[in-house]
Amino acid sequence: MKGWSRNAVTFGIASAVITLLLNWIGNATASGDACHRSSPLGLLAFLVFLGLMGAAGFMTTRAGGTIGAAALAGLVAALISAVGTIIALAIIVGSLNASCVTNNNTGVSSQTLLTAGGIVAGIFVSVIGLGLGAGAGAIGGLIGRRPAATTV
């Protein structure tokens, strides 16, 4: 397994687990009424995501990889982390009270619609996260780049 792919898998799985954990705790401790709940732990999960994608790029270039490999490590790690994001948003939106949905004439339960909406929102957020993950990986790669050897 190449260095960038090992870093991508390691940091991607870590990000998915941390995203799930923080969003689950945030959902359990969220304040507000049944239809408007919020927790700052979702923002913390996003910041941890950016840090881990940058770390994947940093470790890739530190091991001798290029900036392109660092960006690829961030992209693949973000793709792996997307699984955690989709599940977390499906749980958060699906846990809203079904009375928050108005004018449901589809014949499908409101709770099913909320869960489906959470999955769609998770996919949308994950697509944006792919670009952010690649960018964070590239920035981490720039920070971790070793200076070129000088010849005398």
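The structure displayed is predicted, hence computed values, not measured ones. Numbers for residues simply follow the sequence, beginning at 1.
- With sequence neighbours excluded, the residues forming a side-chain contact (heavy atoms from CB on, under 4.5 Å) with Leu79 are Leu130, listed by chain and number.
- Placement of Ile87 and Leu52 in two distinct hydrophobic clusters is found when ILVMFWY residues are connected by side-chain heavy-atom separations under 4.5 Å, directly or transitively.
- Both Leu44 and Leu21 are members of a single hydrophobic cluster when ILVMFWY side chains are connected at heavy-atom separations under 4.5 Å.
- Checked by atom type and distance alone, the side chain of Ser126 never pairs as donor or acceptor with a backbone atom of Gly129 at under 3.5 Å.
- Inter-residue side-chain proximity for Asn27 and Ile91 is flagged as met; some heavy-atom pair is nearer than 4.5 Å.
- By the neighbour-count criterion of 12 heavy atoms within 6.0 Å, atom CZ of Arg62 is densely surrounded, having more than that number from other residues, nucleotides or ligands.
- A continuous path of ILVMFWY side-chain contacts below 4.5 Å connects Phe49 to Ile143, so both sit in one hydrophobic cluster.
- Across all non-hydrogen atoms, the minimal contact from Thr19 to Ser81 is OG1-OG, 4.3 Å.
- The minimum heavy-atom distance between Met53 and Phe11, with the atom names listed, is CE-O, 4.0 Å.
- Hydrophobic clustering, defined by side-chain heavy atoms of Ile, Leu, Val, Met, Phe, Trp and Tyr closer than 4.5 Å, groups Leu89 together with Val125.
- Contact between Thr60 and Ala73 at its shortest, heavy atoms only, is OG1-CB, 3.5 Å.
- A pairwise comparison of heavy atoms in Ala70 and Gly141 identifies CB-CA, 3.7 Å as the closest pair.
- Here Ile139 contributes atom CD1 and Ile67 contributes atom CD1; the two are 11.0 Å apart, rounded to the nearest 0.5 Å.
- No side-chain heavy atom of Val48 sits under 4.5 Å from any side-chain heavy atom of Ser15.
- Residues Leu75 and Ile123 do not share a hydrophobic cluster, defined by chaining ILVMFWY side chains whose heavy atoms lie under 4.5 Å apart.
- The shortest side-chain heavy-atom distance between Val76 and Ser5 does not fall under the 4.5 Å cut-off.
- For the residue pair Ile80 and Val9, the shortest heavy atom distance occurs at CD1-CA, 3.7 Å.
- Under the 4.5 Å side-chain heavy-atom criterion for grouping Ile, Leu, Val, Met, Phe, Trp and Tyr, Ile18 is connected to Met59 within one hydrophobic cluster.
- Here the side chains of Leu41 and Asn23 are not in contact, with every heavy-atom distance at 4.5 Å or above.
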Asn7 vs Phe58, test: side-chain contact (heavy atoms from CB on, under 4.5 Å). Steps then yes/no.
CA-CA 9 Å; Asn7 291 328; Phe58 179 87; over 6 Å; no
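- Between Leu132 and Phe46, the closest side-chain pair of non-hydrogen atoms falls below 4.5 Å.
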